[in-house]
Visitor: 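Pasting a structure below so you can have a look.
Below, each value reflects all heavy atoms present in this structure, side chains not excepted, and no hydrogens, waters or symmetry copies. So that the names make sense, note that chain A is the first sequence line, chain B the second, and so on, each numbered from 1.
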Amino acid sequence: MLLATWNVNSIRARLERLVAWLDEAQPDVVCLQELKVTDEAFPHEPIAEAGYHAAVFGQKTYNGVAILSRDEPAEVRRGWDDDPQARLLAARFGRVTVVNTYMPNGQEVGSDKWAYKLAWMERLQEELAAHHEPTEPLILCGDFNVAPDDADVAEPEVWSESVLCHPDARARLDSLRQWGLIDVFRRHHPDGGIYSWWDYRMLAFPKNRGLRLDHIFATEPLAECCTEAWVDRDERKGAKPSDHAPVLARFEL
DNA sequence: ATGGTTGCTTAGCAA
């Protein structure tokens, strides 16, 4: 199974690139974030024509997540009833559960959005613990809006106090891993220095001033059959790219 | 050079 996660920063703005990329990369499962579209306005036809089922949890203007897949999911769960933001979508394919997350950015340390981010991360862990065991085959992937380590940041001194690198956010990521998740990209690239997001401004991409914010975490039974993981940097190049590149991992099931 | 980019929605917000 080839699995990808990609923050597309508007599926309508990215549709042409997305369809071309699906055709080229041929992933089996794709977790998308920041659709910025309602369920009704989701481009179902072009995605179906590309050969993919689409489980969609949309929202007008902001957020929105989808799981595209070659096979139809057996079961789909979306978000939390009392959270109006579309940030979480889970689908099961056979025995494998795929949880797609668009974690809150947090904007500014100390703000209301920051408090929401930390609470949201904590709640996700409670949710996982309530419904799953670390011994099950499960993938948690998406845009986590956290760089796990300074090795995941081109300029750690610039970002050290930001919402993307703050110790409190990193602690919650550590806590998720301690529950029983493995950062499979890190396992294949222990030295770091590979990024998945670059600011649109200040020539960040040509200068490779990026951060690794998009992750594929897996429970041990899946992590041990993950044969490779990589960032598709080419998708950050050319006309009208997202500010995020896709992250991919191959699992020999 | 007191900014820098993109997208949604319509001048301001979010990332």
Side-chain angles (χ1 to χ4, degrees), chain A residues 5-21 31-43 46-47 56-66 79 83-89 100-121 124 141-148 152-166 168-170 172-173 195-215 231-247:
Chain A
T5 178
W6 190 11
N7 179 325
V8 290
N9 186 19
S10 167
I11 194 168
R12 286 177 292 185
R14 221 62 60 207
L15 188 58
E16 200 176 323
R17 284 193 76 132
L18 173 62
V19 168
W21 178 80
C31 292
L32 300 175
Q33 303 87 34
E34 276 207 90
L35 304 178
K36 297 186 175 181
V37 76
T38 58
D39 289 359
E40 294 70 32
F42 183 89
I47 298 298
V56 180
F57 183 22
Q59 182 184 331
K60 184 179 162 69
T61 312
Y62 302 117
N63 310 316
V65 284
D83 184 359
Q85 302 194 21
R87 297 180 172 278
L88 187 64
L89 183 64
N100 179 15
T101 179
Y102 175 46
M103 292 193 193
N105 171 284
Q107 200 161 58
E108 194 80 44
V109 172
S111 66
D112 290 352
K113 291 190 171 74
W114 171 244
Y116 174 71
K117 175 180 192 166
L118 297 180
W120 201 95
M121 293 180 77
L124 176 61
C141 69
D143 177 358
F144 286 57
N145 267 312
V146 181
D152 301 306
V153 186
E155 301 169 294
E157 66 288 352
V158 170
W159 293 93
S160 62
E161 299 303 313
S162 79
V163 293
L164 306 176
C165 298
H166 193 278
D168 291 354
R170 285 179 167 171
R172 274 157 181 78
L173 210 58
Y195 314 119
S196 67
W197 174 83
W198 300 260
D199 200 306
Y200 281 126
R201 295 167 289 187
M202 320 268 277
L203 302 173
F205 181 68
K207 295 177 174 174
N208 198 25
R209 294 178 178 165
L211 290 85
R212 189 172 70 99
L213 306 178
D214 303 273
H215 307 302
V231 173
D232 188 352
R233 288 185 95 258
D234 288 346
E235 270 310 308
R236 187 61 177 78
K237 301 173 184 172
K240 280 182 68 92
S242 168
D243 44 355
H244 295 253
V247 181

Visitor: What distance do A/Ile11 atom CD1 and A/Arg17 atom CZ have between them, rounded to the nearest 0.5 Å?
Guide: 14.5 Å
Visitor: Between A/Asp243 (CG) and B/dA14 (C1'), how many Å, whole number?
Guide: 11 Å
Visitor: What is the distance, to the nearest angstrom, from the CG atom on A/Asn145 to the P atom on B/dA15?
Guide: 8 Å
Visitor: Taking the same atom, P, in B/dT10 and in B/dA1, what whole-Å distance lies between them?
Guide: 36 Å
Visitor: Between B/dA14 and B/dT9, how far is it from one C1' atom to the other, in whole Å?
Guide: 12 Å
Visitor: What is the separation between atom CE on A/Met103 and atom P on B/dA15, rounded to the nearest whole Å?
Guide: 15 Å
Visitor: Whole angstroms only, please: what is the CG-P distance between A/Asn63 and B/dT9?
Guide: 13 Å
Visitor: Base, sugar-phosphate, or nothing for A/Phe205, non-hydrogen atoms under 4.0 angstrom?
Guide: nothing
Visitor: If each of A/Asp143 and A/Lys60 is mapped to the nucleotide of DNA chain B with the nearest heavy atom, which maps nearer the 5' terminus, i.e. the 5' end?
Guide: A/Lys60
Visitor: Nearest whole angstrom, please: distance from the C1' of B/dT6 to the CZ of A/Arg17.
Guide: 14 Å
Visitor: Nearest to the side chain of A/Thr61, which nucleotide is it out of B/dG4, B/dA15, B/dT9?
Guide: B/dT9
Visitor: Is the shortest side-chain N/O distance from A/Lys36 to OP1 or OP2 of B/dT6 below 4.0 Å?
Guide: no
Visitor: Out of B/dC8, B/dG4, B/dT6, which has the shortest distance to the side chain of A/Arg14?
Guide: B/dT6
Visitor: Can you figure out which of B/dA15, B/dG4, B/dA14 approaches the side chain of A/Tyr62 most closely?
Guide: B/dA14
Visitor: Specify the separation, in whole Å, of atom CD of A/Gln33 and atom C1' of B/dT6.
Guide: 18 Å
Visitor: Given side-chain hydrogen bond (donor to acceptor under 3.5 Å, both in side chains), test A/Asn100 with A/Gln33 step by step and report yes or no.
Guide: CA-CA 8 Å; A/Asn100 179 15; A/Gln33 303 87 34; 2.8 Å; yes
Visitor: Counting just side-chain N and O atoms, does A/Lys113 come under 4.0 Å of either OP1 or OP2 of B/dA15?
Guide: no
Visitor: Can you measure A/Glu108 atom CD to B/dA15 atom C1' for me and round it to whole angstrom units?
Guide: 13 Å
Visitor: Per the side-chain contact (heavy atoms from CB on, under 4.5 Å) rule, which among A/Leu213, A/Asn7, A/Val231, A/Asp143 passes with A/Val247?
Guide: A/Val231
Visitor: How long is the gap from CG on A/Asp214 to OH on A/Tyr102, to the nearest 0.5 Å?
Guide: 10.0 Å
Visitor: Relative to the ring of A/His244, is the ring of A/Trp197 parallel (under 30°), tilted (30 to 60°) or perpendicular (over 60°)?
Guide: tilted
Visitor: Expressed in whole Å, how much space separates the P atoms belonging to B/dA11 and B/dT2?
Guide: 25 Å
Visitor: Using the closest heavy atom to pick a nucleotide of DNA chain B for each, name whichever of A/Lys240 or A/Glu34 lands nearer the 5' end.
Guide: A/Lys240
Visitor: To the nearest angstrom, how far is A/Trp159 atom CH2 from B/dA15 atom C1'?
Guide: 10 Å
